[in-house]
Structure formats: structure tokens, C-alpha cells
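Have a look at the structure below before the remarks.
From a predicted model like this one, the values you see are computed outputs, not experimental measurements.
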Amino acid sequence: MAARRPPQLVQLVYASTAAHDLSEADLESLADESRRRHEAAELTGLLLHQGDDFFGVIEGPERSLMARMEQLITDPRHARLRVLREEPIARRRFENWSYGTLPRKVPGATSAEAFILSLARRLK
């Protein structure tokens with residue numbers, strides 16, 4: 001009998017826009033809910049919030065990650081969800097799920113999408 005291989009790890013970087021204004025309590029609830037769901041699905045990552053935008057990096061077994069993305073795509077709190085990058089990874093970069101808020105956008109500043117892509121690449 002052949003040894004069973006561990007599931008392929010995948011890292012997915014995405015961006016979305018809040019479908020409506022979210023209060024601080026809404027954001028805390030969203031972060032707690034994400035933490036619980038990701039832990040149960042063996043997913044790790046990073047979620048950043050800036051103004052009306054969300055930027056996320058999710059990593060874990062491909063099947064769990066795709067199931068989670070299906071949930072996010074249908075979540076009424078998200079609009080215009082776009083996958084910025086998806087690729088297999090040899091090991092996790094975000095062992096502990098974390099959530100952070102970035103300062104509001106500053107005119108002329110580097111785009112937050114470029115920032116999150118750069119961060120994910122540097123942590124490869």
C-alpha cells in the first residue's frame with residue numbers, strides 16, 4: 001500500500017471591497033469569525049483592512065482553501081473580490097492567523113494591492 005501524501009499547500013492572495021460600511025464591532029466580528037473558520041479548516045493567513053478594502057493571504061490545503069474562497073465569494077459583506085495570485089507553496093508563511101487595519105489611503109501612496117503582493121512574495 002502506497003504512503004498517503006500530505007495535501008498540496010496553496011497560497012492565495014486576494015482583494016475585495018466592503019459591500020457596505022462596517023463598524024468597528026462589525027470588523028472585530030469579521031476578524032473573529034475568520035479566525036475560527038480558518039482554524040477549523042486548517043487555513044492560516046493574514047487579513048488587512050484599509051478604508052473600504054480588504055486584502056488577504058490565505059494558505060493551506062487546496063481543497064480547504066477553495067471551499068473557503070467559495071464562502072468569501074458569496075459573502076454579502078464582500079464585493080468585487082479578485083484573486084491577485086494563487087500558487088503552490090512548500091511551507092506556510094503565516095502560521096498564526098492575524099488581522100490588521102492599515103491607515104486610510106493617502107493620495108500618491110503605493111497601492112495596497114501592490115503592498116500585499118509584495119509582502120506575500122517577500123515571505124516566500
Side-chain angles (χ1 to χ4, degrees):
M1 187 164 165
R4 189 170 177 198
R5 292 186 331 178
Q8 172 68 51
L9 289 177
V10 174
Q11 183 185 77
L12 190 141
V13 180
Y14 74 93
S16 70
T17 303
H20 54 81
D21 288 337
L22 298 170
S23 69
E24 287 299 317
D26 292 334
L27 292 170
E28 285 181 32
S29 175
L30 183 112
D32 289 342
E33 178 185 330
S34 293
R35 195 175 295 110
R36 280 191 312 276
R37 284 184 181 211
H38 289 203
E39 186 177 305
E42 298 179 6
L43 297 171
T44 55
L46 171 73
L47 178 63
L48 298 174
H49 172 255
Q50 182 182 46
D52 294 332
D53 297 317
F54 289 96
F55 306 95
V57 178
I58 302 175
E59 56 191 17
E62 186 174 22
R63 179 171 282 165
S64 295
L65 193 142
M66 292 304 136
R68 182 63 181 131
M69 286 308 294
E70 285 181 29
Q71 292 170 342
L72 289 175
I73 288 167
T74 59
D75 187 328
R77 296 173 291 192
H78 290 275
R80 297 189 306 273
L81 189 137
R82 50 217 177 272
V83 173
L84 304 175
R85 192 181 67 182
E86 176 187 341
E87 65 185 9
I89 56 174
R91 65 182 179 85
R92 295 174 189 263
R93 300 299 186 258
F94 299 93
E95 289 293 328
N96 298 308
W97 178 257
S98 58
Y99 168 79
T101 301
L102 297 171
R104 284 245 173 226
K105 292 180 184 175
V106 177
T110 304
S111 84
E113 282 187 17
F115 167 77
I116 195 72
L117 279 167
S118 172
L119 176 66
R121 282 189 186 104
R122 282 183 283 170
L123 295 173
K124 268 182 136 177

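- Taking the side chain as every heavy atom from C-beta outward, Phe94 and Leu47 never approach each other to under 4.5 Å.
- With rounding to the nearest 0.5 Å, the separation of CZ in Arg68 from OG in Ser34 is 5.0 Å.
- Atom-to-atom distance recorded for Asp75:CG and Leu81:CG is 9.5 Å, nearest 0.5 angstrom.
- Between Leu65 and Gly60 the shortest heavy-atom distance is CD1-N, 4.0 Å.
- Open room surrounds CD on Glu39; 12 or fewer heavy atoms of other groups in view lie less than 6.0 Å from it.
- Distance check: Leu9 CG to Leu43 CG gives 10.0 Å after rounding to the nearest 0.5 Å.
- Atom CZ of Arg35 and atom CD of Glu33 lie 11.5 Å apart (nearest 0.5 Å).
- When every heavy atom of Ile58 is checked against every heavy atom of Met69, the shortest pair comes out as CD1-SD, 4.1 Å.
- Of the possible polar contacts, none joining the Arg85 side chain to the Val83 backbone as a donor-acceptor pair under 3.5 Å is found.
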Derivation and outcome, side-chain contact (heavy atoms from CB on, under 4.5 Å), residues Leu46 and Arg93 | CA-CA 10 Å; Leu46 171 73; Arg93 300 299 186 258; over 6 Å; no

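- Within the model, atoms CD of Glu70 and CG of Leu72 stand 10.5 Å from one another, a figure rounded to the nearest 0.5 Å.
- One side chain, Asp26 or Ser23, offers a donor N or O that lies under 3.5 Å from an acceptor on the other.
- Of the candidates Glu87, Met66, Glu59, Leu12 forms a side chain to side chain contact (heavy atoms under 4.5 Å, CB included) with just one, namely Met66.
- Of the possible donor and acceptor atoms, none in the side chain of His20 sits under 3.5 Å from a partner among the backbone N and O of Leu22.
- Under the 3.5 Å distance criterion, the side-chain polar atoms of Thr17 are left unmatched by any main-chain donor or acceptor of Asp52.
- Between Ser16 and the options Arg80, Arg77, His78, a side-chain hydrogen bond (donor to acceptor under 3.5 Å, both in side chains) holds for only His78.
- Residues Pro76 and Ala19 come closest through the heavy atom pair O-CB, 3.1 Å.
- The CZ atom of Arg63 lies 13.0 Å from the CD atom of Gln8; values are rounded to the nearest 0.5 Å.
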